[in-house]
Colleague: 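Dropping a structure here in structure tokens format, bear with me for questions.
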Amino acid sequence: MSNPQLERLTARAEHVVRTEDLAERLEGGKPLRVKLGLDPTAKDVTLGWAVPLRKLREFQDEGHTAVLIVGDFTARIGDPSGKSDTRKQLSKQEVKDFAASVLDQFGDILDSSRLEVRYNSEWLEPMDLGDLLTLTSRYTVAQMLERDDFSKRYTENRPIALHEFMYPLMQGYDSVAVEADVELGGTDQLFNLLVGRHLQKAYGQSPQIAMTMPLLVGLDGVNKMSQSLGNYIGIREAPEEMFGKLMSIPDQLVGSYASLGAWKTEAEVSALQRTVAAGGPEAGQVKRSIASEIVATYHGVDAARSAEEAFDKRFKQHEAPDDMPEVKIPLVAITDVTVFLPAALAELGLASSRGEARRLIAQKGVRIDGEVVTEEEIGISELEGRVLQVGKRRFVRISA
RNA sequence: GGCGGGAUGCCCGAGUGGCCAAAGGGAGCGGUCUGUAAAAUCGCCGGCUUAGCCUUCACAGGUUCAAAUCCUGUUCCCGCCA
């Protein structure tokens, strides 16, 4: 590759179909229309989502136009990509709320001056049965079943609802509607992006370049980062929370977070990975610096620094954090001058039930001012004005 | 339309009359340890002021001293044939 722009734009990508086409269009000198579908089915933007977004930003920085497709129509079907179950259908209002929240957060990453936002209900809603037949006639059942998750579900005797076949077609048709030059997505989107190419050809356009970005693995170290799995970090999460979560990723993931989160170059990443693999305090140091850089990307360097300090205070020195919610002892837990602690903990949301709270006490997981609590029943005066702690992370100050 | 299979705790999944609040795994939570909210390791994991009691195995009834397990009906799901 001799074209430096091409090189920058394809960095970190998993697949580019086809690189030659991209090179050619860049040569053409016209700003490209770079499409990214936004699936408004959850309210937060995760670090995983940020990966294609940042790629899109790179395109913007090179003078190209970002075309965001809000899948308000398709969200009502639910993208079956990578799913082994039919996704539930959302109501119009839910979709609208999610879209608003997500678009707002996208603003943290994208450049609003080279941005076009389109809702796919614009062209999908008015389609009539005839249009639909034209669209569906361009693809075969065998082609659909090529898709990994469909074929898997099919052979495993799991249901595939007919409307799920429509999803890739609709997403592909979006590319036709906005005349996309490039479409970005996660690797799990490759099939859908290729359908877009196919349909564009069928509708007489030149096929878009499909570019996929690697999927960021979530906090569990196994699955793709996703909100439905709860293994995610949101880009709007508090610095301290973000830093803590980043410190909890398995060591093997540090490399990919360095690349896809801290946007390190390939060379830097492999150096970091070697250090982590060697283990020892240096490994922790690497994880720390990556965590800190990612936090700084979204909250600034100062916030990142204080998040790191707060983390050390709590987990290395085992000190209580500076600020914590102040709460009153729940009345139901009080009898005369004593407090029934399991009831108090459950009521305050520090334990999910009284039984859970009892277990926590039995397991030495509850402390008052740092001292392990062994009794379930304690005097009110022993609680008022003190810091009540559950586990390592949950703190609450009891008002006097 | 015909025939067959299935629905178990947050998820996966064993259990086919009492030994079942229900194996095992995952997730989650707590302790220890540590460079860490990593790893490892030990423990907990329906509810309840807990040697006991209460409510659970799709839903509604029934049989039985006793039902997740047997019977009837209902709902939903899957497969095969058409």
Side-chain angles (χ1 to χ4, degrees), chain A residues 83-86 88 152-161 217-223 225-226 228-233 237-258 272-273 275-292 294-295 307-319 321 330 332-336 338-347 349-367 370-378 388-395:
Chain A
K83 294 279 189 314
S84 46
D85 293 302
T86 307
K88 71 159 188 168
K152 212 167 177 176
R153 280 159 69 183
Y154 190 67
T155 55
E156 285 172 2
N157 295 340
R158 306 175 69 110
I160 302 170
V217 175
L219 300 176
D220 54 20
V222 182
N223 297 299
M225 182 178 281
S226 88
S228 50
L229 292 173
N231 62 352
Y232 74 102
I233 303 175
E237 276 187 55
E240 204 178 315
E241 195 65 14
M242 206 183 235
F243 187 85
K245 282 187 177 179
L246 286 164
M247 288 303 283
S248 82
I249 62 170
D251 283 0
Q252 314 88 271
L253 254 46
V254 172
S256 85
Y257 275 69
L272 293 170
Q273 266 171 328
T275 311
V276 174
E282 298 78 15
Q285 219 30 66
V286 167
K287 197 189 241 184
R288 226 160 230 287
S289 65
I290 294 302
S292 175
I294 295 175
V295 175
E308 188 168 355
E309 278 163 16
F311 181 88
D312 285 345
K313 202 168 164 190
R314 194 181 300 189
F315 298 106
K316 292 185 97 165
Q317 278 100 52
H318 301 286
E319 286 173 21
V332 292
I334 301 177
T335 34
D336 290 331
T338 61
V339 176
F340 182 55
L341 213 44
L345 290 168
E347 206 61 33
L350 295 171
S352 56
S353 69
R354 295 180 180 199
E356 167 81 16
R358 288 166 159 267
R359 267 174 243 128
L360 288 168
I361 294 168
Q363 293 181 134
K364 301 189 199 343
V366 178
R367 293 160 196 262
E371 294 293 315
V372 172
V373 176
T374 52
E375 302 296 320
E376 293 180 357
E377 191 97 41
I378 61 168
L388 181 61
Q389 175 186 358
V390 174
K392 296 188 181 92
R393 304 172 50 202
R394 282 165 288 172
F395 291 86

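Order of the sequence lines sets the chain letters (A, B, ...), proteins ahead of strands, with each chain counted from 1. Basis for what follows: all heavy atoms, side chains included, without hydrogens, waters or symmetry-related copies.
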Colleague: Using the P atom on both, measure B:C19 against B:C57 and round to a whole Å.
Modeller: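 The same atom, P, in both gives a distance of 16 Å.
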Colleague: Is there a Watson-Crick or G-U wobble partner for B:U72 with both distances under 3.5 Å, and if so, which one is it?
Modeller: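 Pairing partner: B:A60.
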Colleague: If pairing requires Watson-Crick or G-U wobble contacts with both distances under 3.5 Å, which nucleotide is the partner of B:C10?
Modeller: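 Result: B:G26.
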Colleague: Could you tell me the separation between the CD1 atom of A:Ile378 and the CD1 atom of A:Ile361, rounded to the nearest 0.5 Å?
Modeller: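 Reported to 0.5 Å precision, the distance equals 8.5 Å.
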Colleague: What is the distance, rounded to the nearest whole Å, between atom CD1 of A:Ile249 and atom C1' of B:A39?
Modeller: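 Taking CD1 of A:Ile249 and C1' of B:A39, I get 13 Å after rounding.
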Colleague: On a heavy-atom basis, which atom in A:Arg394 and which in A:Leu350 lie closest, and how many Å separate them?
Modeller: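 Result for this residue pair: NH1-O, 3.0 Å.
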Colleague: When rounded to the nearest Å, what value does the distance between P atoms of B:C45 and B:C70 take?
Modeller: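 Nearest-Å result for B:C45 against B:C70 at atom P: 29 Å.
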Colleague: Can you list, in residue-number order, the parts of residues 281-291 of chain A that come under 4.0 Å of RNA chain B, counting heavy atoms only?
Modeller: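 By residue number: A:Pro281, A:Ala283, A:Gly284, A:Lys287.
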Colleague: Sticking with atom P, work out how far B:C59 lies from B:A67, rounded to a whole angstrom.
Modeller: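 Taking atom P in both B:C59 and B:A67, they lie 16 Å apart.
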Colleague: Tell me whether A:Arg314 is salt-bridged to A:Glu319, with the criterion being a basic N under 4.0 Å from an acidic carboxylate O.
Modeller: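 The answer is no: the pair does not qualify as a salt bridge.
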Colleague: Report the distance from atom CD of A:Glu237 to atom C1' of B:A37, rounded to the nearest whole Å.
Modeller: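 Whole-Å distance recorded here is 13 Å.
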Colleague: What is the distance, rounded to the nearest whole Å, between atom NZ of A:Lys364 and atom P of B:C42?
Modeller: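 From A:Lys364 NZ to B:C42 P: 18 Å.
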Colleague: Please give, in whole Å, the distance from B:G30 C1' to A:Leu350 CG?
Modeller: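 From A:Leu350 CG to B:G30 C1': 14 Å.
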Colleague: Could you tell me which nucleotide pairs with B:C80 by Watson-Crick or G-U wobble geometry, both distances under 3.5 Å, or answer none if nothing does?
Modeller: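 Checking every strand shown, B:C80 finds its partner in B:G2, with both distances under 3.5 Å.
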Colleague: Would you kindly give the NZ-to-P distance between A:Lys392 and B:C33, to the nearest whole Å?
Modeller: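 It is 10 Å, rounded to the nearest whole Å.
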Colleague: Under 3.5 Å, side chain of A:Glu309 to main-chain N/O of A:Phe311, donor-acceptor pair present?
Modeller: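 No, because the side chain of A:Glu309 does not come within donor-acceptor range (under 3.5 Å) of the backbone of A:Phe311.
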Colleague: C1' atom, B:G9 versus B:A68: distance in rounded Å?
Modeller: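 Each nucleotide's C1' atom is 12 Å from the other's.
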Colleague: May I ask you to check whether A:Glu282 and A:Thr275 show a side-chain donor-acceptor distance below 3.5 Å?
Modeller: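 There is no such pair (donor and acceptor under 3.5 Å, judged by atom type) between the side chains of A:Glu282 and A:Thr275.
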Colleague: Is any side-chain N of the basic residue among A:Arg354 and A:Glu376 closer than 4.0 Å to the acidic one's carboxylate O?
Modeller: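 No.
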Colleague: Take A:Lys313 and A:Glu240 through the salt bridge (charged side-chain N to carboxylate O under 4.0 Å, His left out) test and state the conclusion after the steps.
Modeller: CA-CA 12 Å; A:Lys313 202 168 164 190; A:Glu240 204 178 315; over 6 Å; no
Colleague: Between B:G30 and B:G62, how far is it from one P atom to the other, in whole Å?
Modeller: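 These two P atoms come out 45 Å apart once rounded.
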Colleague: Of the non-hydrogen atoms in A:Asn231 and A:Asn223, which two are nearest, and what is the gap between them?
Modeller: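 That would be ND2-O, 3.4 Å.
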Colleague: On a whole-Å scale, what distance lies between the P atoms belonging to B:U41 and B:C54?
Modeller: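 The same atom, P, in both gives a distance of 40 Å.
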Colleague: For A:Ala333 and A:Ala344, work out which heavy atoms get closest and say how close.
Modeller: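 In terms of heavy atoms, the two residues are closest at CB-N, 3.6 Å.
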Colleague: What integer number of Å spans the P atoms of B:C65 and B:A60?
Modeller: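 These two P atoms come out 24 Å apart once rounded.
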Colleague: Who is the Watson-Crick or G-U wobble partner of B:C48, with both distances under 3.5 Å?
Modeller: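 Paired with B:G52.
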Colleague: Tell me if the side-chain of A:Asp251 makes a donor-acceptor pair with the base of B:G35, cut-off 3.5 Å, by modelled atom types.
Modeller: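 Present.
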Colleague: For residues A:Phe243 and A:Ser292, report the shortest heavy-atom separation together with the two atoms involved.
Modeller: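 Heavy atoms only, the tightest pair is CE1-N, 3.8 Å.
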Colleague: Starting at the 5' end of RNA chain B and moving along, which residue's nearest nucleotide shows up first, A:Leu246 or A:Leu360?
Modeller: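 Between the two, 5'-proximity favours A:Leu360.
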Colleague: Suppose you measure atom P in B:U75 against the same atom in B:C20; what distance do you get, rounded to whole Å?
Modeller: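 So the two P atoms sit 35 Å from each other.
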Colleague: Atom CZ of A:Phe315 to atom P of B:G30: distance rounded to whole Å?
Modeller: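 Spelled out: CZ on A:Phe315 to P on B:G30 is 10 Å.
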Colleague: In this structure, how many angstroms lie between the C1' atom of B:G31 and the CD atom of A:Gln389, rounded?
Modeller: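 Interatomic distance, CD of A:Gln389 to C1' of B:G31: 13 Å.
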Colleague: If every non-hydrogen atom of A:Leu219 is compared with every non-hydrogen atom of A:Tyr257, which pair is closest and at what distance?
Modeller: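 That closest heavy-atom pairing would be N-OH, 4.3 Å.
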Colleague: For A:Glu241, which contact category applies under a 4.0 Å heavy-atom criterion: base, sugar-phosphate, or nothing?
Modeller: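 A:Glu241: base contact, heavy atoms under 4.0 Å.
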Colleague: In whole Å, what is the span from the CD atom of A:Glu308 to the P atom of B:G35?
Modeller: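 It works out to 16 Å between those atoms.
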Colleague: How does protein contact run along nucleotides 44-54 of chain B, one letter per nucleotide 5' to 3', with B for base contact, S for sugar-phosphate only, - for none, heavy atoms under 4.0 Å?
Modeller: SS-SSBB----
Colleague: Looking at B:G30, B:G31, B:U36, which one has an atom nearest to any side-chain atom of A:Phe311?
Modeller: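 Ranking B:G30, B:G31, B:U36 by closest atom to the A:Phe311 side chain puts B:U36 first.
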